[in-house]
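Quick caveat: nothing in here was measured; it's all calculated off a predicted structure. First the proteins, then the strands, lettered A, B, ... as listed; each starts at 1. Only heavy atoms go into these numbers, but all of them, side chains included; no hydrogens, no water, no symmetry mates.
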2 protein chains.
Amino acid sequence: MTIGDAAKASGVNAKLIRYYESIGLIPEAGRTAAGYRVYSSSDVNVLRFVKRARTLGFSIERIQILVGLWQDRSRSSAEVKRVALDHVTELEAKIAELRAMSDTLKHLAHACHGDERPDCPILRDLEEGGGSCCHEPQP
Amino acid sequence: MTIGDAAKASGVNAKLIRYYESIGLIPEAGRTAAGYRVYSSSDVNVLRFVKRARTLGFSIERIQILVGLWQDRSRSSAEVKRVALDHVTELEAKIAELRAMSDTLKHLAHACHGDERPDCPILRDLEEGGGSCCHEPQP
DNA sequence: CTTGACCTTCCAGTCATTGGAAGCTTTATC
DNA sequence: GATAAAGCTTCCAATGACTGGAAGGTCAAG
């Protein structure tokens with residue numbers, strides 16, 4: 001299998017496969033006499049594993065660990081679970097951050113007439129640093 | 001005011017102020033005879049505006065537009081609202097994406113014993129590409 | 001023998017910063 | 001006035017995870 005075949009079979013594009021090899025996420029592929037990379041179906045399995053892990057938002061660094069655990073027959077499921085739950089913690093933190101941004105903006109946009117007049121609570125918030133809002137208690 | 005003073009007053013660090021200038025987000029600052037950048041309190045207001053907008057997750061590109069609208073007395077609030085709601089749309093899309101990842105992982109982690117044994121549904125999912133899950137209908 | 005579809009490497013760019021190095025200027029202290 | 005520390009300047013490089021392009025080698029079909 002050439003890199004193009006491996007790309008089709010795994011769903012990871014050829015450019016990305018080379019990149020993964022260059023950063024050491026996957027081992028160096030074998031080569032033909034002409035220097036073309038050669039892949040086996042087990043290499044494709046690794047690529048699929050990586051692809052699925054990326055789909056779930058794992059960083060390359062954590063995927064390195066997961067691939068290591070996957071290959072390690074004496075792993076404990078506790079180790080895998082810990083890596084997964086660390087990632088969940090980060091995802092939840094990011095979600096909370098984006099949620100707060102979105103809610104604030106939706107609130108401001110709701111208060112904005114959205115007509116031809118220049119007056120706008122969104123700009124007022126940005127100007128004032130968001131410190132004072134209609135719903136906050138006045139000290 | 002020097003760049004350090006402006007940094008303290010705006011909460012945007014000096015390095016970042018120079019970067020914002022270099023990409024044209026803020027106008028070029030005036031200079032002293034020795035070449036030091038000089039800032040006024042209105043420059044600081046712009047920096048504070050930018051900082052607040054970044055806190056709300058706006059891209060630099062959109063902040064350019066927002067600053068433009070802010071400075072434009074003949075703007076319509078509709079324009080501002082549209083920029084804000086476009087951003088909300090993107091935030092919600094990103095949240096949904098992360099939510100899906102997190103939920104999938106929580107589900108898999110829940111099904112994982114997390115003990116010393118190697119058997120692990122998380123690795124099984126990564127191996128199989130997440131296509132088959134206990135709760136999905138069997139064709 | 002040529003065309004076109006592959007493959008190779010290397011370099012550059014993305015986004016929004018952050019860090020460091022090397023070299024000025026200003027301010028404070030002695 | 002000398003000196004040291006703090007702050008300013010520019011430029012270059014790195015981050016994460018890709019993506020794109022240029023320049024050139026290789027392979028199978030017509």
Phosphate OP1/OP2 of [N]: any [X] side-chain N/O under 4.0 Å:
{"X": "A/Arg62", "N": "D/dG16", "result": "no"}
{"X": "A/Arg54", "N": "D/dC18", "result": "yes"}
{"X": "B/Thr2", "N": "D/dG7", "result": "no"}
{"X": "B/Tyr19", "N": "C/dC15", "result": "no"}
{"X": "B/Arg37", "N": "D/dC8", "result": "no"}

Are the side chain of B/Arg75 and the backbone of A/Pro118 linked by a donor-acceptor contact shorter than 3.5 Å?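 Yes: the side chain of B/Arg75 pairs with the backbone of A/Pro118.
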
Counting N and O atoms only, with roles assigned by atom type, does the side chain of A/Lys81 sit under 3.5 Å from a partner on the main chain of B/Ala109, one being a donor and the other an acceptor? yes

Does a salt bridge link [X] with [Y], judged by any charged N lying under 4.0 Å from a carboxylate O?
{"X": "A/Arg117", "Y": "A/Asp115", "value": "yes"}
{"X": "A/Arg52", "Y": "B/Glu127", "value": "no"}
{"X": "B/Arg99", "Y": "A/Glu92", "value": "yes"}

Quick one: on DNA chain D, does B/Lys8 or B/Arg31 contact a more 5' nucleotide (nearest heavy atom)?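 Between the two, 5'-proximity favours B/Lys8.
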
On DNA chain D, does the nearest nucleotide to B/Lys15 precede the nearest nucleotide to B/Gly4 from the 5' side, or the other way round? Give the residue. B/Gly4

The side chain of A/Ala34 is closest to which nucleotide in this list: C/dT17, D/dT26, D/dT10?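 Of the options given, the side chain of A/Ala34 lies nearest D/dT26.
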
Proximity to the side chain of B/Asn13 - top-ranked nucleotide from C/dT18, D/dC8, C/dA16: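 From the listed options, C/dT18 comes nearest.
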
What is the distance, rounded to the nearest whole Å, between atom [atom1] of [X] and atom [atom2] of [N]?
{"X": "A/Lys51", "N": "D/dC18", "atom1": "NZ", "atom2": "P", "result": "10 Å"}
{"X": "B/Leu16", "N": "C/dA16", "atom1": "CG", "atom2": "P", "result": "11 Å"}
{"X": "A/Leu47", "N": "D/dC18", "atom1": "CG", "atom2": "P", "result": "12 Å"}
{"X": "B/Ile63", "N": "C/dC15", "atom1": "CD1", "atom2": "C1'", "result": "12 Å"}
{"X": "B/Ile26", "N": "C/dT17", "atom1": "CD1", "atom2": "P", "result": "12 Å"}
{"X": "B/Glu28", "N": "D/dT9", "atom1": "CD", "atom2": "P", "result": "12 Å"}
{"X": "B/Leu25", "N": "C/dT17", "atom1": "CG", "atom2": "P", "result": "9 Å"}
{"X": "A/Ile23", "N": "D/dA14", "atom1": "CD1", "atom2": "P", "result": "16 Å"}

Give B/Ile3 one of three labels, base, sugar-phosphate or nothing, depending on what nucleic acid heavy atoms sit under 4.0 Å from its own. sugar-phosphate

Students often get this wrong, so: under 4.0 angstrom with heavy atoms, is B/Phe58 touching a base, only sugar-phosphate, or nothing?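 No contact.
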
